[in-house]
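The structure displayed is predicted, hence computed values, not measured ones. Computed over heavy atoms, backbone and side chain alike; hydrogens, waters and symmetry mates excluded. A note on names: the letters A, B, ... follow the listed sequences, proteins ahead of strands, and every chain is numbered from 1.
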2 protein chains.
Amino acid sequence: MTLRADARRNRARILDVAEKVLVERGTTVSTEEIARAAGVGIGTLFRHFPTKEELIQGVFVARLHRLADDATRAAASPDPGAAIAGFLREAAAQGEVKNALAAMLTSAGVDLHEAAGEAQQEVRRALGTLLRSAQQSGAVRRDLEVADLIGLLAGTSKAIEYAGQDAAARERIVGVILDGLRAPS
Amino acid sequence: MTLRADARRNRARILDVAEKVLVERGTTVSTEEIARAAGVGIGTLFRHFPTKEELIQGVFVARLHRLADDATRAAASPDPGAAIAGFLREAAAQGEVKNALAAMLTSAGVDLHEAAGEAQQEVRRALGTLLRSAQQSGAVRRDLEVADLIGLLAGTSKAIEYAGQDAAARERIVGVILDGLRAPS
DNA sequence: GAATATACGGAGTACGCACTCCGTTTACTA
DNA sequence: TAGTAAACGGAGTGCGTACTCCGTATATTC
């Protein structure tokens, strides 16, 4: 069931462009506009994603996969404390996109956990190992669970959104979270 | 320019019901459904809010006003440290609604700061006094600014969303933030 | 370099939904 | 309580947009 070369190319291109366009202009953009931006006919777009909703989910899942990759890489670091800090900064910085996408899905009445599915599990697993080693090295308080960390990540990127381009403010906010992660309960 | 009694009643009722319906089912609900839920004809709804977008903004602004009230009350407390903690817990708990609304607006391509306008200023002012007294009493690190606090509030309520109904998890997350607010830079 | 399965493009369709219009009703005023 | 300005209700309209269909093009296989 391998896709033809052009089909695979187009699918990737649609996902890529759709992410940009959706984040820039919101879910209200027409599928036609996305297709045009991707340099593809509407027919093609709908063959790959039979529904606008499925397209948005596809974009979201792709984003999650990339996040999972980052998390896996971070989990392999020898200094888990620094890794978690770096990951937080990174995720926070790039998080606006994910925020916007997640917001779209929920505001469109889609259940996130269902939509994310397998990709969500990947992220969870990678963050799990990262968290556990950070806790064993004493860098992070022991009462935290993976779900808490995920929530805090989402929260941090949300908080960062409000700081806009102000680098100092971003750093203050990340600082607050990092200190909170460290402090004993 | 006083509204007739029934008009005022209807306007309030629409705002009230719209908030509930919008949060429950997303921006995609039809105006007709909102009108029906409010027990009002579509004509009436559109006389009060000439545009669906203006309706959503109206709901959002109303929410902000209530938040500003809470903040003002908290700022008047004799123990600013405790007040800020309580406010964080409260705002976080009720924040889901605001999150959902804000998400709707942005995903609909509306500029939040513009939409919030005056109400936003109210919140900012109230939180400003709260923050300053908390800092003078030594309960909160001194390098934080009002904008940071607002961001952290939004972030916290986002983080709490992921904890769902798990009260212990909610408390752990709030704990992280509170510790972070306290710790010296 | 045929042959064929696979993918493409985009005009066309159906439908839902935001918004209008106006005849009817209801709150105010004196 | 009559008169009137203000508000209401909801059938109707037009437009935007998600999705279909099928004739054409292009990758793949031998």
Side-chain angles (χ1 to χ4, degrees), chain A residues 1-61 101 104-110 115, chain B residues 1-61 101 104-110 115:
Chain A
M1 189 178 161
T2 13
L3 250 46
R4 231 170 68 175
D6 52 349
R8 201 163 44 248
R9 221 176 19 241
N10 278 332
R11 199 191 137 87
R13 193 169 166 66
I14 290 173
L15 276 176
D16 196 46
V17 171
E19 174 169 323
K20 207 173 305 170
V21 176
L22 282 170
V23 169
E24 261 170 18
R25 339 227 327 203
T27 352
T28 44
V29 279
S30 59
T31 46
E32 199 171 331
E33 190 160 348
I34 295 176
R36 202 182 315 132
V40 146
I42 335 162
T44 301
L45 190 152
F46 274 96
R47 198 166 333 95
H48 285 290
F49 304 94
T51 282
K52 189 184 184 182
E53 191 173 291
E54 280 178 73
L55 170 61
I56 303 181
Q57 281 190 24
V59 172
F60 186 66
V61 168
L101 289 173
M104 276 171 207
L105 283 174
T106 46
S107 91
V110 178
Chain B
M1 190 179 160
T2 12
L3 251 45
R4 231 171 68 175
D6 53 350
R8 204 164 40 248
R9 218 174 24 238
N10 278 332
R11 199 191 137 87
R13 194 170 166 65
I14 290 172
L15 275 176
D16 196 46
V17 172
E19 175 169 323
K20 207 172 306 168
V21 175
L22 282 170
V23 169
E24 260 169 21
R25 339 227 327 204
T27 352
T28 44
V29 279
S30 59
T31 46
E32 200 171 329
E33 190 161 346
I34 294 176
R36 201 182 316 135
V40 147
I42 336 162
T44 301
L45 190 153
F46 273 95
R47 199 168 332 97
H48 285 291
F49 304 93
T51 283
K52 190 185 185 181
E53 191 174 290
E54 281 178 73
L55 170 61
I56 302 182
Q57 282 190 24
V59 172
F60 187 64
V61 168
L101 289 173
M104 276 171 207
L105 283 175
T106 47
S107 90
V110 178

Give me the residues of residues 43-52 of chain A where at least one heavy atom lies under 4.0 Å from an atom of DNA chain C, by number, or none. A/G43, A/T44, A/R47, A/H48

One should read off an interatomic distance between B/I34 CD1 and B/T31 OG1, to the nearest 0.5 angstrom, of 7.0 Å

Candidate pair A/I56 and A/E53, rule side chain to side chain contact (heavy atoms under 4.5 Å, CB included), full reasoning: CA-CA 5 Å; A/I56 303 181; A/E53 191 173 291; 5.8 Å; no

Between D/dA18 (P) and A/L22 (CG): distance, integer Å: 11 Å

What's the CD1-P distance between B/I42 and C/dC17, to the nearest Å?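 Result: 12 Å.
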
Can you see if the side chain of A/N10 gets near the phosphate of C/dA7 - specifically, an N or O under 4.0 Å from OP1 or OP2?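 For C/dA7, neither OP1 nor OP2 has a side-chain N or O of A/N10 closer than 4.0 Å.
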
Determine, for nucleotides 23-30 of chain C in 5'-to-3' order, which nucleotides have protein heavy atoms under 4.0 Å from the base (write B), from only the sugar-phosphate (write S), or from neither (write -). ---BSS--

Do you know the tightest heavy-atom contact between A/K52 and A/V29?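 For A/K52 and A/V29, the tightest heavy-atom pair comes out as NZ-O, 3.0 Å.
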
Give me the atom names and distance for the closest heavy-atom approach of B/V59 to B/A18.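 So the minimum-distance heavy-atom pair works out to CG2-CB, 3.8 Å.
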
Could you tell me whether the side chain of A/R13 reaches within less than 4.5 Å of the side chain of A/V40, counting heavy atoms only? no

For B/E54, does the CD atom sit with more than 12 other heavy atoms under 6.0 Å from it, leaving out its own atoms?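 Enclosed: over 12 neighbouring heavy atoms sit under 6.0 Å from CD of B/E54.
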
Under 4.0 Å from any atom of DNA chain D, heavy atoms only: list the residues of residues 29-38 of chain B that qualify, in numerical order.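 Per residue number, the list is empty: none.
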
Any residue meeting side-chain contact (heavy atoms from CB on, under 4.5 Å) with [X], in chain and number order, not counting sequence neighbours:
{"X": "A/F49", "result": "A/R11, A/I14, A/L15, A/L55"}
{"X": "A/D16", "result": "none"}
{"X": "B/R8", "result": "B/L3"}

Please answer whether the main-chain N or O of B/E33 pairs with a side-chain N or O of B/S30 as donor and acceptor at a distance below 3.5 Å.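 Yes; judged by distance alone, with no hydrogens or angles, the pair exists.
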
